[in-house]
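These numbers were taken from a predicted model, which means no experiment stands behind them. Chain letters run A, B, ... following the sequence lines, proteins first and then strands; every chain starts at 1.
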Amino acid sequence: MSESTNNAAPEREAQDGRYNPAEIEPKWQARWDADPALYAAEPPASGKPKFYCLEMLPYPSGQLHMGHVRNYAIGDALARFMWMRGHNVLHPMGWDAFGLPAENAALKNHTPPREWTLGNIADMRKQMRRMGLSYDWATEVTTCLPEYYRWNQWIFLKMVEAGLAYRKSSKVNWCPACATVLANEQVVGGCCWRHEDILVEQRELEQWFLRITKYADELLDGLDAMPGWPDKVRTMQRNWIGRSEGTHVDFRVAATANTPAITVFTTRVDTIFGATSIQLAPEHALVKDWVKTDAELARAVDEMIAQQKAAREAGDIGNIEKHGVSTGKQAVNPFNGEMLPIWVANYILADYGTGAIMSVPAHDERDFEFAQKYGLPVKRVIAPSLDGEEQALPYTGEAEAVLIESGEWSGEPCLEAQEKMGRFAEEGGIGKRTTTYRLKDWGVSRQRYWGTPIPMVYCAQHGIQPVPEAQLPVLLPEAVEITQQGGSPLGNVPEFVNTTCPVCGGAARRETDTMDTFVDSSWYFYRYTDAKNAAAPFDPEKAKYWFPIDQYIGGVEHAILHLIYSRFWTKVMRDIGLIENSEPAARLFTQGMVIKDGAKMSKSKGNVVSPDDMIARYGADATRMYALFAAPPDRDLEWQEDGVAGVSRFLARVWTLVDEHKKALRQEYTPSEPTAAALAAGRDLTRTLHQTIGKITQELEGRWHFNTCVAALMKLVNECYAARDVLAGARDGEVAAWSQTLHMLPLLLAPFAPFLAQELWTELGQEGSLVRHPWPMADAELARETEAEIPVQVNGKLVVVVKVAADADEDTLKQAASADERVAARLAGRTVVKTIVVKGKLVNLVVK
RNA sequence: GCCCGAGUGGUGAAAUCGGCAGACACAGCGGACUUAAAAUCCGUAGCCCUUCAGUGGGUGUGGGGGUUCAAGUCCCCCCUCGGGCACCA
C-alpha cells in the first residue's frame, strides 16, 4: 500500500499503537484451536438449560462465500450470547459432502471426488476457524464418509421394512446436464435446480421412492403449530403439499358392459347437475384402450401428448391453448341419469386427481373456455341466492351461494351440499369423499457415482432384496471412472455390481443408483448429538436431550426442499422409535441474500466479494460485524466495502479507548475528589451504558435486529469519546463509571467481534474466556432518564421541544408547554379546544 | 391469475405499542493536527424557498383517498420491485 520505501518504517512504528486485527485475530485463533473444550457441549448433568443452535451445513465447494459468512455470523452471535447467558450450547458444523460438483471436478481435473471433497473441507474448515466461529469440531459430520452414510442405508432399510421405501416405474424428471433423475422439488420453472437454463425432460424409469405422501396431512397440519417458523416458509410448504378436499364420483360409460366406470375428482360436487361433459387426460387408461380401435382418436391423442410434453419442458404448461377431441362415447351422470359426451382434453393432467374431470362450464373458468370453443352446453346450477339476480358466467362463488335446478338439493347452500352430496355418493356406492395432494412421493434414485449406494440387491430368483443390516455399509468403491452417460458410473464396476443374493446365496446384482443428496441433509443434525457412534445413527437419549433444535438458521432457498424433507425424515425416525419429537426445529430463521451492485453475487456477473479478501484487509471481526450491521438479518444485504472499513474504524476506536485506559491504569497517581461535572458525566455515561446493555439483550433475545445492536454500541462509544476529556483525561476526577463502562465494552462486543472482545478483556487484566463469562445485566434504575425532551405541537405541528423532568405529570407538562413564548405566539387570538398530553411523550394543543 | 414480502435522504438503514421521521454508519462538505499527505479527532448535513446573517417558512416515508388531536405505522384503492405457486379440477 505504501508508495515508497521511505514511508515503510514510520508506518510500521505507527501500527504498534493501533488496532491491528492481523495480529490479534490469529493469536486468539491459535489459542482457541488448542482448546477443544472451549466450545464443547456439556452432558445433561451440567444442569444448565440446553440450547441447540444450528446453521445449515454447507456444500464443500472449496470456498466460503458471503452468504455463508452472514449465516454463520448470525448463528455465532446467538451461540456466544447463549453461552454467556449460562446455557449449555450445542453449536456444531458439518459438510453436505456428496453431490455432483465433485464428479464434475473429477472430470475436469482428474481428481477423485473423495480427494477433491476432503481437500475442500480442510480448506473451508480453516476459513471458518479464521473467522472465529465457535463450533465444536469434535461433533463434525461429513456426509460422504461411510461412518455417516451407512446410517442413510440403515434408515433406508427400515423404510423398506415399513413400506415407506418402494420401487416403481414412472415418469420422472431427467436433467440431461446432470445425467440423472431429479425430484419434483428439484425442478424449478421447468428447469434443473442446478442448471437454470437446462430444460428438464420426462423419462419413464424404475426408481426408488420414499412415501412422503403418507405424512402429507401431518406435514400440513403441523405447520399450524409452528409459530417459530416464518409465515413465508409455512405458506410455501402449504402450497407445495397442496391438499384439496373433494369427492370421487363414478360415471358409468354408456352402452358398454366391461368398461370400468370413469372416476372423476372434483372439489365442487355441488355443481354436478351442471356437468355437460366428461374430460379425460390424454394419458388416461381408458383412452389408451380406445385409441387401439380408433386411428383418428389415436392421432389426436398423440398430438396432445406431444404438445403437453413440449409445453411442460418450456415451463409453459399453464398457457397452452385448450383443445380436445370427442371420443364419441357417453357417460351417465349418477346423480340425474343425464348422458354426457366423453372428450379427451389437453388441459387435463394425468398425474393429478384421477386424470378425469366432470366439466361444469357454468361454474369453472377452464371448463367455460373449453365449452365456448366447442359449443358445449352451459348449464347454470349455482346462484348467489335463491331469488337470484343473474350472475355473469362462469360464476365460481361458493361460500354464500346456493344450488338451483339440482333436484332435491336445490336451495342448499353450496358448502353444505358438498358434504351431503358426498355422503349420498358414498351411500349409493357411486363415489367417495376424498383428499388429493399436489405433493408426490420423493424419488430418491440418482444415476450418479458420488452419493450413498442404495443397499438393495436384485436376484433372478428372489427379486429385490435388502442388503442384510450386518453387511452395512455398502461401501462406495474408489477409483471409479466418472461418466455422465449411460446410467450410473457404478454400473461399470463389476466388483461392486456382482454380489450374492442374501436369500439363496446365488449370483445377484447390486442396485447401482445412489441416493439423492437431500437424504444426507435430512437428518444430519441428529448425528451431531452423537457423531462418533459406531453402533447406531445416534443414542436416542442424547437426541432426546438436545431436540428440538432451538434455533435453525439458513437461506430461504431451502424452504421447500431441505426443510420439508427434514420434517418428513423426523416423523419417520419418530415412528421407528429413534426419537420422540415430531418436528426437527422449534424456531427457524431464514436470512436474506447477500447482493452486490443490486444483484446476487455470481462469477458470471463478476460481482463476487471474497471473504478471504475482506478478512485479509479488515479482519474477521470487522467482516462479521459488517454482515450484521449493514441490514437486519432477514433482509437482503448490499455489500459495500466502504461499510466494512467503517466498522473496522469503529473497532479501532474501541481498541484505542481501552488501550489508553490500560496505559492510564499503569501510571501511578492519587485521585482527588471528582468534580461535579465529572460526576454528572459519569452518571450520564452509566445511563447510556445500561440502556445499551438493555437494548442489545432485548435484540438477542428475540427481535434479532443486530444492525441496531451495533448502532447502539457505536453510540455508546461515541459518548465515551465525548466524555473522555472529563472522565479519563482529568486526573483529579477519576470516576468509577469510566472504568466500569470500558470493562463492559468487551462483554457487549463478544457476540459480534469475538477476537477484539477477548483481546480487550485480557488487556484489561481480566481472566478467562468471554464465552463462559456471564452476560451483563441492565440495571433499569441506572438506565432511567431523569430528564425528558417533550415536543409541543399546536394542531399536530411541532412548535418547540421543552425540557422537563422525566416523570413530570400532566399538569406540569401542560404548564411547561403553554409557558413557552413561541407556543404562546401560536395561541394568540385562538381558543384551545382540546389538550392532548401523553406522559413522557408529547403535548398537542388543538386550537380554533 | 392466486398467495406472500418489500418500497423512507446521494447510499446502507432507524423509528419495537399510532406520538419530534432520518438514530447509527457510508459517501460528501468544513475545521483541527501536519511542511504536506495519510491516519486521527471535532463539526456539518432530507429537500425547496427565505434572510447580509442569526433566522424564518414550506415540504417530505411509491401514488391517491380515509380514520385520528396526531399516520412511515391503522383502513380502502392503485403503482413498482422481489419471491413462491400456477390448466391442481
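- Backbone-only contact: A:Tyr721 has heavy atoms under 4.0 Å from sugar-phosphate atoms and none from a base.
- RNA chain B is contacted by both A:Thr235 and A:Asn718; A:Thr235 maps to the nucleotide lying nearer its 5′ end (nearest heavy atom per residue).
- Taking only distance into account, the side chain of A:Lys232 never meets the base of B:rC4 through a donor-acceptor pair shorter than 3.5 Å.
- Atom P of nucleotide B:rC87 and atom OH of A:Tyr352 are separated by 11 Å, given to the nearest angstrom.
- Nucleotides B:rG9 and B:rG72, compared at atom C1', are 14 Å apart to the nearest Å.
- Backbone-only contact: A:Lys797 has heavy atoms under 4.0 Å from sugar-phosphate atoms and none from a base.
- The phosphate of B:rC88 (OP1 or OP2) has no side-chain N or O of A:Lys440 nearer than 4.0 angstrom.
- The aromatic rings of A:Phe589 and A:Trp704 sit tilted, their planes meeting at an angle between 30° and 60°.
- Between the CG atom of A:Leu637 and the P atom of B:rA13 there is a distance of 8 Å, rounded to whole Å.
- A:Gly646 comes within 4.0 angstrom of the backbone, heavy atoms only, and of no base.
- Proximity note for A:Ile357 (side chain, C-beta onward) versus B:rU11, B:rA89, B:rG19: the nearest is B:rA89.
- For B:rG60 and B:rC79, the P atoms lie 23 Å apart once the distance is rounded to whole Å.
- Here A:Gln698 lies in heavy-atom contact (under 4.0 Å) with a base.
- Note on A:Gln793: a base of the nucleic acid sits closer than 4.0 angstrom, heavy atoms only.
- Put simply, A:Arg703 has a side-chain N or O that comes within less than 4.0 Å of OP1 or OP2 on B:rA15.
- With P as the reference atom, B:rG12 and B:rG7 are 12 Å apart, rounded to whole Å.
- B:rG10 and B:rC47: their P atoms are spaced 7 Å apart (whole Å).
- Base-pair partner of B:rU8: not found among the strands shown (Watson-Crick or G-U wobble, both distances under 3.5 Å).
- Residue A:Arg649 places at least one side-chain N or O closer than 4.0 Å to OP1 or OP2 of B:rC26.
- B:rG82 adopts an anti glycosidic conformation, its chi angle falling more than 90° from 0.
- As a whole-Å value, the separation of A:Arg234 CZ from B:rG5 C1' is 15 Å.
- The CE-C1' distance, from A:Met714 to B:rG12, rounds to 12 Å in whole Å.
- Looking at A:Asp364 and A:Arg366, a side-chain N of the basic residue comes within less than 4.0 Å of a carboxylate O on the acidic one, giving a salt bridge.
- A:Asp231 comes within 4.0 angstrom of no nucleic acid atom, judged by non-hydrogen atoms across all strands.
- Classified by its glycosidic torsion, B:rC4 falls in the anti category, the angle being over 90° from 0.
- Look at A:Arg649 and A:Asp642 and you find no salt bridge, because none of the NZ, NE, NH1 or NH2 atoms lies under 4.0 Å from a carboxylate O.
- Following rounding to the nearest Å, A:Arg724 (CZ) and B:rC41 (P) show an atom-to-atom distance of 8 Å.
- Pairing partner, B:rA14: none, since no Watson-Crick or wobble contact has both distances short of 3.5 Å.
- Between B:rC24, B:rG19, B:rC69, one nucleotide has an atom nearer to the side chain of A:Val846 than all others, and that is B:rC69.
- Under 4.0 angstrom from either OP1 or OP2 of B:rU55 there lies no side-chain N or O belonging to A:Arg822.
- For A:Arg366, taking side-chain heavy atoms from C-beta onward, the closest of the listed nucleotides B:rG84, B:rC41, B:rA89 is B:rA89.
- The side chain of A:Arg653 places an N or O atom within less than 4.0 Å of a non-bridging phosphate oxygen (OP1 or OP2) of B:rC41.
- In the set B:rA89, B:rC41, B:rC20, the nucleotide with an atom closest to the side chain of A:Ser244 is B:rA89.
- Straight-line distance between the P atoms of B:rC78 and B:rG19: roughly 28 Å, to the nearest whole Å.
- Under 3.5 Å, the side chain of A:Asn844 and the base of B:rC69 form at least one donor-acceptor pair of N or O atoms.
- In this structure, the CD1 atom of A:Ile560 is 11 Å from the C1' atom of B:rG83, given to the nearest Å.
- B:rA71 is unpaired under the criterion used here, namely a Watson-Crick or G-U wobble arrangement in which both key atom distances are under 3.5 Å.
- Heavy-atom contacts from other residues, nucleotides or ligands closer than 6.0 Å to CD of A:Glu303 number 12 or fewer.
- Among the heavy atoms of the strands lying under 4.0 Å from A:Ile348 is at least one base atom, whether or not backbone atoms are also near.
- We find the CG-CD distance between A:Leu842 and A:Gln793 to be 4.5 Å, quoted to the nearest 0.5 Å.
- Nucleotide B:rC88 holds its C1' atom 15 Å from the CD1 atom of A:Ile241, rounded to whole Å.
- In this structure, A:Trp343 and A:Tyr374 have side chains that are in contact, with non-hydrogen atoms separated by less than 4.5 Å.
- When atom types are taken as modelled, the side chain of A:Glu699 and the backbone of A:Phe706 share no donor-acceptor pair closer than 3.5 angstrom.
- Side-chain N/O atoms of A:Asn239 include none lying less than 4.0 angstrom from OP1 or OP2 on B:rC2.
- Pairing for B:rA36 is absent, judged as Watson-Crick or G-U wobble with the two contacts each under 3.5 Å.
- The partner of B:rC2 is B:rG84, judged by Watson-Crick or G-U wobble contacts that both fall below 3.5 Å.
- With respect to A:Glu369 and A:Lys373, no salt bridge is recorded, no charged nitrogen being found less than 4.0 Å from a carboxylate O.
- Along RNA chain B, the nucleotide nearest to A:Pro632 and the one nearest to A:His323 differ in position, and the one closer to the 5' end is contacted by A:Pro632.
- Look at CZ on A:Phe370: it is 18 Å from P on B:rA89, rounded to the nearest Å.
- At the heavy-atom level, A:Gln640 lies under 4.0 Å from the strands shown only through sugar-phosphate atoms.
- Closest to the side chain of A:Trp240, out of B:rC85, B:rA89, B:rC69, is B:rC85.
- The nucleotide whose nearest atom lies closest to any side-chain atom of A:Glu699 is, among B:rU16, B:rC87, B:rA89, B:rU16.
- Using the Watson-Crick or G-U wobble rule with both distances under 3.5 Å, B:rC52 pairs with nothing in any strand shown.
- Looking at A:Asn346, its side chain does come within 3.5 Å of a backbone N or O of A:Glu321 through a donor-acceptor pair.
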